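As the structure is a computational prediction, the values presented were derived from the model and not from experiment. Sequential numbering from 1 along the given sequence is applied to the chain's residues.
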Amino acid sequence: MEQRIDRFRAGLLAGGLLLLLMLAGPAQAVVVDRLYQAVVPVEDTGTGARDEAFREALRQVLLRLTGDPAEVRELVPVAGGDSASERALDGRTTRFIDAFSYRRNGEELELHATLSAPAVGRMLAERGVAVWGANRPRVLVWFAVDDRGDRELIHRENTLPPFLTEPMQPLDREAIAAERGPWKEPLWAESQRRGLPLALPFHDERDRAEVSLSELWGLFQGPIKEASRRYPHDLMATVRVNRAGGGWRARWQLWRGDDRVAEGVARDSERAMVVRQLVDAWADRLAGRYAVAPPRGEDLRSARMRVTGVGTLASYAGVRRSLAGLEPIRSVQVDTVKQDHLTLDLAFNGDLGVLRDYIGLDERLVLTGGPPDGAVPADPQDDTLRLYYRWDEERGSSMLPGRGEVQEIVPLDSAEETGGSGATLQQ
């Protein structure tokens, strides 16, 4: 009887999987869209300005995808730079452009370009360049500023009614500019430039009851972490900015749970450049951790993953959907489905620690056994890696659309853009 039930369950899973993959809730990492779009100021619509704008658009996209400024300079050298690298591109950057248009932003003329994901991907793979996928960790930013004794926390204005049931909209440029304080615009711009999802707290009565401005300024991690619990995030950044000479000085720390993974100081005379240093430091570090080199057949590794708590079609689809979207994973094959657990065979590229970090971006997948890296061989005669996880749908409930409390600075927000003349390049 148990075998027949298992076969019936497997049949249901196979038959309903396609529909459920489309309907299942989103993975808990932020999926950054529009990675392949770029905006470049231009002097005019002439061929020379357009060609250089295409090169700059390619640089913008490559920086988001590789997270490595040095790599970008090597692939697309600036005018007058060293282009001796064998990996540098030739001048035909038009082959990477799917479409472009010219638009006015006040007095400034801009070229808006959409690059071809397949063409860019092939180029990076041919050159062996590691790529940071669209699943990216969300960084909650506590940003305190002291301007000659006047202290404030840079936060999202909480003007939404408590009965709101619709998903909160991503921050947009106009909304940020309309809110109090001059720091949000550069935070938005740098989030877009690096493709790094940043989130700001509300700093409402609930936040102020858990962490004071003095504690924020003192970077006291206990109260800050307590106040952070209400906000879905993968990492937390604390920033303390004050006047220094004729400019600004920012001390920052980056935390993953209880572990401080990085810290530093940024200085500049302009607010925008201070913020750029901060976001560059965070994005460089995270890209270095999450970027995955292109696969080669002999480099693929395998692991067997057992996930408990998979007792419904929805949970089955959720596990498959979560894993299939991760950059290091090249294939996910179902081995067995029995009672409430699922066994999968994974083929993945790169380091096991990177795979674990990607899986950890979805908090519904909870590591349940083995050593700290979650992988153990079955026995001395079998070196297959085995990963043990538990699926917990409730852990992701606060991050589903309409149920979270955080306002994100979502990179490359997907709102429709209108206006301007357009052109499409046929390759």
Next on the checklist: Does Arg276 form a side-chain contact (heavy atoms from CB on, under 4.5 Å) with Asp268? I'd like the steps, not just the answer.
Outcome noted: CA-CA 10 Å; Arg276 171 162 292 195; Asp268 202 271; over 6 Å; no

Item to check | Whether Ser191 side chain and Leu196 backbone form a donor-acceptor pair below 3.5 Å | outcome: yes

Checklist entry - Measuring from Gln333:CD to Arg304:CZ, what's the distance to the nearest 0.5 Å? => result 11.5 Å

Next on the checklist: Between Arg208 (side chain only) and Val211 (backbone N and O only), is there a donor and an acceptor less than 3.5 Å apart?
Outcome noted: no

Item to check | Note, Leu344 side chain near Arg320 side chain (heavy atom, < 4.5 Å) | outcome: yes

Checklist entry - Got a sec: does the CD of Glu108 have more than 12 other heavy atoms crowding it under 6.0 Å? => result yes

Item to check | 4.5 Å side-chain heavy-atom contact, Ile97 and Leu115 | outcome: yes

Next on the checklist: Under a 3.5 Å distance rule, please check whether Lys225 uses its side chain to pair with a backbone N or O of Phe220 as donor and acceptor.
Outcome noted: no

Item to check | side-chain contact (heavy atoms from CB on, under 4.5 Å) between Leu153 and Asp207, intermediate numbers included | outcome: CA-CA 11 Å; Leu153 180 75; Asp207 281 345; over 6 Å; no

Checklist entry - Any side-chain heavy atom of Asn242 sitting closer than 4.5 Å to one from Trp248? => result no

Checklist entry - Has the side chain of Arg138 got a donor or acceptor atom that lies under 3.5 Å from a matching backbone atom of Leu361? => result no

Item to check | Spatial distance of atom CZ (Arg301) from atom CG (Asn349) [nearest 0.5 Å] | outcome: 10.0 Å

Checklist entry - Does a salt bridge link Asp280 with Arg193, judged by any charged N lying under 4.0 Å from a carboxylate O? => result yes

Checklist entry - Is there side-chain contact between Ile154 and Val141, with heavy atoms separated by less than 4.5 Å? => result no

Item to check | Stepwise side-chain contact (heavy atoms from CB on, under 4.5 Å) test for Arg136 and Leu286 | outcome: CA-CA 9 Å; Arg136 303 195 172 189; Leu286 294 174; over 6 Å; no

Checklist entry - Does Thr238 offer a backbone N or O that forms a donor-acceptor pair with the side chain of Arg251 under 3.5 Å? => result no

Next on the checklist: Is any side-chain heavy atom of Thr93 closer than 4.5 Å to one of Asp51?
Outcome noted: no

Checklist entry - According to the interplanar angle, ranging from 0 to 90°, do the rings of Tyr231 and Trp142 count as parallel (below 30°), tilted (30 to 60°) or perpendicular (above 60°)? => result perpendicular

Checklist entry - Side chain of Arg64, backbone of Leu35: donor and acceptor closer than 3.5 Å? => result yes

Checklist entry - Does Ser322 reach the main-chain N or O of Gly318 with its side chain, forming a donor-acceptor pair under 3.5 Å? => result no

Checklist entry - What is the distance from atom OG of Ser302 to atom CG of Leu346, rounded to the nearest 0.5 Å? => result 9.0 Å

Item to check | Flag if over 12 foreign heavy atoms under 6.0 Å of CG, Asp44 | outcome: yes

Next on the checklist: Less than 4.5 Å apart, side chain to side chain, heavy atoms only: is that true for Gln253 and Gln221?
Outcome noted: yes

Next on the checklist: Do Arg289 and Val354 make a side-chain contact, defined as non-hydrogen atoms from C-beta onward lying under 4.5 Å apart?
Outcome noted: yes

Next on the checklist: I'd like to know if the side chain of Arg285 and the backbone of Val261 have a donor-acceptor N/O pair within less than 3.5 Å.
Outcome noted: yes

Checklist entry - Got a salt bridge between Arg151 and Glu215, using NZ or NE/NH1/NH2 to carboxylate O under 4.0 Å? => result no

Item to check | Asp284 with Arg194: basic N within carboxylate O range, under 4.0 Å | outcome: yes

Checklist entry - Backbone N or O of Tyr358 within a donor-acceptor pair of the Tyr290 side chain at under 3.5 Å? => result no

Checklist entry - Where do Val241 and Trp183 land on the side-chain contact (heavy atoms from CB on, under 4.5 Å) test, with the steps shown first? => result CA-CA 11 Å; Val241 184; Trp183 293 94; 3.7 Å; yes

Checklist entry - Say you draw a straight line from CZ of Arg260 to CE of Met236; how long is it, rounded to the nearest 0.5 Å? => result 11.0 Å

Checklist entry - Glu185 versus Arg271: any side-chain heavy-atom pair under 4.5 Å? => result no

Checklist outcome for this item: Rounded to the nearest 0.5 Å, the CG atom of Leu75 sits from the CZ atom of Arg59 at a distance of 11.0 Å

Item to check | Donor-acceptor contact below 3.5 Å, side chain Arg243 vs main chain Asp147 | outcome: no

Item to check | Residues Asp362, Arg364: salt bridge by 4.0 Å N-O rule | outcome: yes

